[in-house]
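The block underneath contains the structure these notes are about, expressed in structure tokens.
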Number of protein chains: 2
Amino acid sequence: MDFNEKQIDILLAAERLFATKGFDGTSVRDIAHEANVNVAMINYYFGSKDKLLDTFFEWRVPDFMINVDELALIENALDKIDAMVDRSIKSMNSHRKLYHIITIESSLKQRMLVSAAFRKLKLHNLEVISSVINEGVAQGVFKGGNDPILIHSMMMGTFMNFQMNYSFLQEQLRIASDTEYARYIETTLTQFIQKTIKALLTYEK
Amino acid sequence: MDFNEKQIDILLAAERLFATKGFDGTSVRDIAHEANVNVAMINYYFGSKDKLLDTFFEWRVPDFMINVDELALIENALDKIDAMVDRSIKSMNSHRKLYHIITIESSLKQRMLVSAAFRKLKLHNLEVISSVINEGVAQGVFKGGNDPILIHSMMMGTFMNFQMNYSFLQEQLRIASDTEYARYIETTLTQFIQKTIKALLTYEK
DNA sequence: GTTTAAATTAAACGTTTGTTTAACTTTGTC
DNA sequence: GACAAAGTTAAACAAACGTTTAATTTAAAC
């Protein structure tokens, strides 16, 4: 999957506009204008607006996959949790606007290609977190009886909530800039999720 | 705010369609057809499509407010957490499709009226959870140093994640019907969030 | 330098969008 | 039963939508 300069202009323009106005709220003319290309170029290169979204997501999806090899090097189960959360949040946060619109689009309609690719991504990440937890349980570090699906949902949902309610949370947390908000997510929020998972996995009752 | 039969037909039709196709993805003709009314009736009664969404949300927003009086009767801090989570999830779950589209819409653009009402709602619920936690800390039941904003985000985000990825989660949890899924949210998911919050608030490190 | 394919353009395509109009029917009031 | 207001309708509105066309320019190959 390699694109020429103009195609990348279009993909990046689409990313910016989808993130602020959503898929349906963005017209191909908006994208063409933002990318400084003729309207017809979008259909010429990508076929259709729907296929542009599909292509776009497939272009980005590898960035969201949790790197298993990296985790394999870590022995301590608690450290593994920390690392996994850290990498997950960092990758989602670096393309958080894309993650935002993909979540919205695949939740609204079953756009086949996007939803299928998104499903594979979630499945991969779910399997990673499952194996990390199971390993910790086997080592006797973690208590059993916790469904990885719920922990995965908690992590993803808490992060997504920071995406979807960002203006409310910026206000509440008294954060002025977007960059400071991004930093907050990669420090305080990350630590919170790490702490939450570890608290859960070692909780008595 | 009282509506006649036909207006309620329109509001309910809009709720169904917005939930499945989103706001931008739903046309006024779709709504008119679903509600078995003429297209012009929507503008006649609500002014515009945007105002319909505003009116719609203001119509439903009281259902999402956590009832403070109910919580005041409970003395034990842990029980109070349980009750608060239970009521929050139940109210969101009973109108979960609406909550879904409101979150999406207010995250995409600053629809003034909707966002303002939604902001007030979140502020109210955040204050409730803050006071419950602070009370528990004052009683010595909870450890201090936990930001209520993060706990609130975790609860809302985890629930919302079950809304936005429901087809993926239905598959993973091997749940066949929507009603069974709703029941899962009100039992297993609710217990998970309750446990998570209590684990956090009593966690050592 | 000619030929062929790819890239790019402005214009037009047919639909669909939200909204308004103007005619008509129903309902309630005196 | 006449009158006014409210409710309801089919039709039309202009604007925006995604997409396609046909003409033109650019680039590459021989």
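Keep in mind that the numbers below use all heavy atoms, side chains included, and drop hydrogens, waters and symmetry copies. It should be emphasised that the depicted structure is a prediction, and the values quoted were computed from it without experimental measurement. Proteins get letters first, then strands, A, B, ... in listed order; numbering begins at 1 in each.
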Can you tell me the distance, in whole Å, between the [atom1] atom of [X] and the [atom2] atom of [N]?
| X | N | atom1 | atom2 | value |
| --- | --- | --- | --- | --- |
| B:Tyr45 | D:dA5 | OH | C1' | 13 Å |
| B:Lys51 | C:dG18 | NZ | C1' | 13 Å |
| B:Ile31 | C:dG18 | CD1 | C1' | 11 Å |
| A:Asn4 | C:dT8 | CG | P | 7 Å |
| B:Phe46 | D:dG7 | CZ | P | 12 Å |
| B:Lys21 | C:dT17 | NZ | C1' | 13 Å |
| A:Lys6 | D:dA27 | NZ | C1' | 13 Å |
| B:Ile8 | D:dG7 | CD1 | P | 14 Å |

Using a 4.0 Å heavy-atom cut-off to protein, can you give one letter per nucleotide of nucleotides 13-24 of chain D, 5' to 3': B if the base is in contact, S if only the sugar-phosphate is, - if neither?
----BBBB----
Should we say atom OH of A:Tyr166 is surrounded by more than 12 heavy atoms from elsewhere, each under 6.0 Å from it?
no
The test is side-chain contact (heavy atoms from CB on, under 4.5 Å); show your working for A:Leu98 and A:Phe64 and say whether it passes.
CA-CA 11 Å; A:Leu98 168 60; A:Phe64 294 114; 3.8 Å; yes
A:Glu58: partners by side-chain contact (heavy atoms from CB on, under 4.5 Å), with sequence neighbours left out:
A:Met1
Please walk me through it: do A:Asp82 and A:Lys198 pass salt bridge (Lys or Arg N to Asp or Glu O under 4.0 Å)?
CA-CA 9 Å; A:Asp82 284 347; A:Lys198 289 184 287 187; 3.1 Å; yes
Between B:Tyr99 and B:Phe118, does the ring centre distance come in under 6.0 Å?
yes
May I have the step-by-step check of side chain to side chain donor-acceptor pair (under 3.5 Å) for B:Asp30 and B:Ser27, ending in yes or no?
CA-CA 5 Å; B:Asp30 288 338; B:Ser27 71; 3.2 Å; yes
